[in-house]
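Shown next, in structure tokens, is the structure this report addresses.
Read the numbers this way: they start at 1 and go in the same order the structure lists the ligands and their atoms. Residues take their numbers from the sequence shown, with the count starting at 1. Because the structure is predicted, anything quoted here is derived from the model rather than measured.
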Amino acid sequence: MTSTITRDACAALDAADTLAHCRARFNLPADTIYLDGNSLGAMPANVPARMKQALEQEWAHGLIRSWNDADWYPAPQRTGDKIAKLIGAGQGEVIVADSTSVNLFKVLVAATRMQPGRRVILAERTNFPTDVYIAGSAAEMTGCELRCVDPDDVLAAIDETVAIVSLTHVNYKTGKRYDMEAVTRRAHEAGALIVWDLCHTAGAMPVQLNACEADFAVGCGYKYLNGGPGAPAFVFVASRHLAAIRQPLTGWHGHAKPFEFTHDYAPHPAIDRMLTGTAPQLGVIALESALDAFDGVDLNTLREKSVALGNLFIALADQELAGLGCGLASPRDADQRGSQVSLTHEEGYAIMQALIARNVIGDFRAPDILRFGFAPLYVRYVDIWDTIAALKDIIATGAWNTPEFRTRKSVT
Ligand SMILES: Cc1ncc(COP(=O)(O)O)c(C=O)c1O
């Protein structure tokens with residue numbers, strides 16, 4: 001017989017949590033439980049002071065001199081190097097630029113160019129839509145076919161016709177994750193290159209891009225990296241590919257010598273060749289300082305806490321929500337999960353709105369998914385208890401069933 005989990009037991013887990021001190025590195029409203037760091041990360045407490053300096057001294061006073069004097073120009077490279085440490089990449093293999101969508105386009109076209117004679121981009125049907133849309137355009141422009149298969153069929157679908165395998169490591173709806181090493185190995189055995197989207201991975205759990213011999217990766221700065229709304233994204237190119245990769249958006253910041261203003265394009269020899277135009281500098285500065293929240297954090301400990309939070313959420317859902325119409329949309333096995341747990345409920349949208357009205361913030365993904373993301377740096381075990389308790393009350397009392405909660409907003 002399993003014993004009942006109590007709130008006191010959750011508080012005891014918080015008391016023993018070796019990452020508990022990291023919560024003070026964020027500005028979180030005291031009355032709010034935030035389980036949406038997989039969509040927009042919380043604001044690190046050091047960012048406002050850094051932005052104030054960037055605005056009032058570097059921009060207002062330094063003006064254009066700050067590109068040199070405040071070291072603005074190399075910020076995308078510096079920030080990329082910080083992110084590299086979180087994803088098992090080397091220094092000089094990651095740079096911050098553009099959005100995930102744009103970086104994916106650049107990488108897919110570039111990778112396809114490296115695979116003459118192969119004309120298939122293999123992706124999967126349940127991927128985040130932007131990944132599929134972008135892969136479709138990249139395929140059309142390079143004369144390739146986009147082949148989308150079900151997630152469980154990916155390994156079997158990798159054959160000698162495939163140029164590129166393009167996958168998201170952790171699925172945005174279910175939180176299910178791929179075995180990066182096994183899939184990368186299979187792609188290489190078949191002579192394909194692999195592109196990993198790390199949007200739901202970077203900052204939530206360690207991955208070892210280089211140990212897996214991954215070729216390319218992209219990911220966003222505003223989820224678990226906490227870079228702020230619309231933060232610039234990152235792109236990884238394994239150093240063995242740097243000399244050969246030719247990305248299609250050949251803007252001047254990717255040029256070998258941008259300030260010589262030459263007529264002909266010559267790609268920068270280093271990761272800088274993945275740049276296009278001028279960086280959204282304030283966004284890069286915010287992301288760069290936000291990454292300090294990871295200082296001294298052991299990524300294996302981060303993963304252990306993420307797994308423990310997810311397991312607790314599932315155990316409490318089993319214990320408290322039985323008979324209330326909820327299903328589990330995420331794998332029970334933590335080895336197959338990222339850092340989120342998704343529930344299903346046919347009234348999921350209204351239930352999530354009712355939860356948010358109680359300052360318990362997750363999000364909803366159509367048609368029926370309630371998503372809860374666990375950012376291990378600031379989510380507490382008692383937050384899980386309190387979320388499930390609120391969910392139980394909202395569903396059991398029908399508190400979700402009001403016109404206000406049923407009306408769809410533009411962003412879910
Ligand atoms: C897997 C994945 N890729 C890409 C994106 C978004 O890309 P962008 O930042 O270009 O909007 C998301 C956003 O949630 C995502 O989950």
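- Of the candidates V94, I95, I271, I95 is the only one forming a side chain to side chain contact (heavy atoms under 4.5 Å, CB included) with P76.
- Of the heavy atoms in N127, none comes closer than 4.0 Å to ligand 1.
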Apply salt bridge (Lys or Arg N to Asp or Glu O under 4.0 Å) to residues R25 and D295 and explain how you reach the verdict.
CA-CA 10 Å; R25 297 178 179 182; D295 280 357; over 6 Å; no
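- Shown here is L63, whose CG atom has more than 12 heavy atoms of other residues, nucleotides or ligands within 6.0 Å.
- For atom 13 (C) of ligand 1, the closest non-hydrogen atom on the protein side is K223 NZ, 3.2 Å.
- Protein heavy atom closest to atom 15 (C) of ligand 1, with residue, atom name and distance, is F128 CG, 3.5 Å.
- From the protein, the heavy atom lying nearest to atom 1 (C) of ligand 1 is D197 OD2, 3.3 Å.
- Taking the charged nitrogens against the carboxylate oxygens, D14 and R380 have no contact shorter than 4.0 Å, which rules out a salt bridge.
- Checked by distance only, ligand 1 and T130 stay at 3.5 Å or farther apart across all their nitrogen or oxygen atoms.
- Of the protein's non-hydrogen atoms, the one nearest atom 11 (O) of ligand 1 is Y222 OH, 3.5 Å.
- Taking the ring centroids of H253 and Y73, they lie under the 6.0 Å cut-off.
- In terms of protein heavy-atom proximity, atom 16 (O) of ligand 1 is nearest to H200 NE2, 2.7 Å.
- Below 4.0 Å from some heavy atom of S99 lie the following atoms of ligand 1, by number and element: 10 (O).
- Aromatic pair F216/F236: centroids not less than 6.0 angstrom apart.
- With respect to the salt-bridge test (charged N to carboxylate O, under 4.0 angstrom), the residues E288 and R78 qualify.
- The backbone N or O of D264 lies less than 3.5 Å from a partner atom in the side chain of H255, making a donor-acceptor pair.
- The proximity of T100 to ligand 1, defined as any non-hydrogen pair under 4.0 Å, involves the side chain as well as the backbone.
- Under 4.0 angstrom from ligand 1, the non-hydrogen atoms of S101 come from both its backbone and its side chain.
- The distance from ligand 1 to the heavy atoms of T168 drops below 4.0 Å at these ligand atoms: 1 (C).
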